[in-house]
Amino acid sequence: MTRFQLTILACLAFVLLFVAGLATHFPGAAVARYVGRQVERGLGIPVQLSPIRLAWSGMAADRLEVRVPGSVPLIVQDMRLPWSWRWVLEAPLEARFGKEGRIEAAWGWGGEASLSASRVPLQDIPLGLPADVKVQGRVDVTARVGPQAPGRASVREMLPGRIELKAEGVEIRELHLAGTALPPLRLETVEGRIGLGRVVQLESLVFRGDAQGNLSGTITPNLDRPGDSRLNLNLTLLLQPTWLNQLGDLRTVAEGLLPGGRLDSAIEGSLAAPTLTRTKRP
């Protein structure tokens with residue numbers, strides 16, 4: 001073996017030993033705390049990230065928990081940041097959500113972020129519904145946020161951005177009317193477009209199935225007290241006769257509240273105490 005070959009082998013051995021030592025002594029807990037603070041700053045709500053590991057394929061962490069106030073935590077698992085040329089522009093992220101959900105995201109060095117999630121189970125998402133209401137189905141989501149506008153770094157407000165979603169096979173159970181359980185409400189699709197910022201613009205949330213209609217308007221978020229977020233929404237709802245026929249004795253009550261199964265209303269007040277006012281009389 002030539003001296004040049006021996007030199008190359010020695011350099012490779014040194015690099016391998018250096019990387020192995022770095023992986024062994026990598027301050028994963030401290031790095032996780034720093035990353036968690038940056039994510040928390042962007043989302044405006046508490047998060048907890050498990051220690052980050054350094055491996056040959058990239059960096060990895062077992063769990064990210066987003067503690068949504070007043071709801072169950074949102075949990076992302078098996079996160080991996082693979083080594084890639086993309087690190088020049090952004091940090092790519094791959095993760096798992098629930099049993100089938102997959103997430104691909106990227107966090108740009110300028111503060112912007114993008115996300116694409118597929119087949120995410122609705123039952124694993126904190127939707128802010130009453131504890132006894134059960135929701136099933138899956139949703140695909142694309143989102144892009146940030147960066148924060150210049151001069152507003154000290155202001156606690158939601159980053160600007162946009163979200164588009166499509167849910168399929170949605171089923172809502174354990175709804176109640178006058179203390180009696182209602183039949184399951186099945187929605188074939190739910191499609192939404194949302195603009196993020198100081199005021200959240202709910203451009204449309206269109207649903208089709210046992211209930212058809214649209215929800216649109218604005219939400220002024222309060223990141224410190226989410227329950228105090230202000231609502232200014234409009235709802236159009238039409239319940240299908242096939243679903244109304246399953247109500248039995250409750251149909252008379254339902255018809256009194258929603259003549260013909262239809263409701264046009266404004267939703268105002270706060271997220272914790274919304275008020276509903278009819279905008280069209282039967």
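- Side-chain N or O atoms of Ser229 include one that pairs as donor or acceptor with a backbone N or O of Asn222 at under 3.5 Å.
- For the pair Leu235 and Asp264, the minimum side-chain heavy-atom distance is 4.5 Å or more.
- The side-chain heavy atoms of Ile219 and Val199, taken from C-beta on, include no pair separated by under 4.5 Å.
- Taking the side chain as every heavy atom from C-beta outward, Ile194 and Val200 approach each other to under 4.5 Å.
- The line from CG of Leu238 to CZ of Arg208 is 13.5 Å long, rounded to the nearest 0.5 Å.
- Leu122 places a side-chain heavy atom less than 4.5 Å from the side chain of Val170.
- Here the straight-line distance linking atom CG of Leu185 with atom CD of Gln240 works out to 10.0 Å at 0.5 Å rounding.
- Rounded to the nearest 0.5 angstrom, Ile163 CD1 and Arg193 CZ are separated by 13.5 Å.
- Between Glu171 and Arg186, at least one side-chain N (NZ, or NE/NH1/NH2) sits under 4.0 Å from a carboxylate O, which counts as a salt bridge.
- Ion pairing of Glu94 with Arg80 is present here, as a side-chain N (NZ or NE/NH1/NH2) and a carboxylate O approach within less than 4.0 Å.
- Taking the side chain as every heavy atom from C-beta outward, Glu168 and Lys166 approach each other to under 4.5 Å.
- A salt bridge is defined here as a Lys NZ or Arg NE, NH1 or NH2 lying under 4.0 Å from an Asp or Glu carboxylate O, and Glu268 with Arg230 fails to meet this definition.
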Given Leu202 and Thr218, is the side chain to side chain contact (heavy atoms under 4.5 Å, CB included) satisfied, shown in steps? CA-CA 6 Å; Leu202 182 56; Thr218 63; over 6 Å; no
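- Side-chain contact between Arg96 and Arg102 is present, with at least one heavy-atom pair separated by less than 4.5 Å.
- Under a hydrophobic clustering in which Ile, Leu, Val, Met, Phe, Trp and Tyr are joined whenever their side-chain heavy atoms come within less than 4.5 Å, directly or via other members, Leu276 and Leu271 fall into the same cluster.
- Separation of atoms OG1 (Thr236) and CZ (Arg262) is listed at 6.0 Å; rounding is to 0.5 Å.
- Within the 4.5 Å cutoff, no side-chain heavy atoms of Ser116 are placed close to those of Val141.
- Of the inter-residue distances, the one linking Asn232 atom CG with Thr220 atom OG1 reads 8.0 Å to the nearest 0.5 angstrom.
- Counting only distance, with no hydrogens or angles, the side chain of Asn214 and the backbone of Leu205 share a donor-acceptor pair below 3.5 Å.
- Considering only heavy atoms from C-beta on, Thr277 stays 4.5 Å or farther from Ser265 through its side chain.
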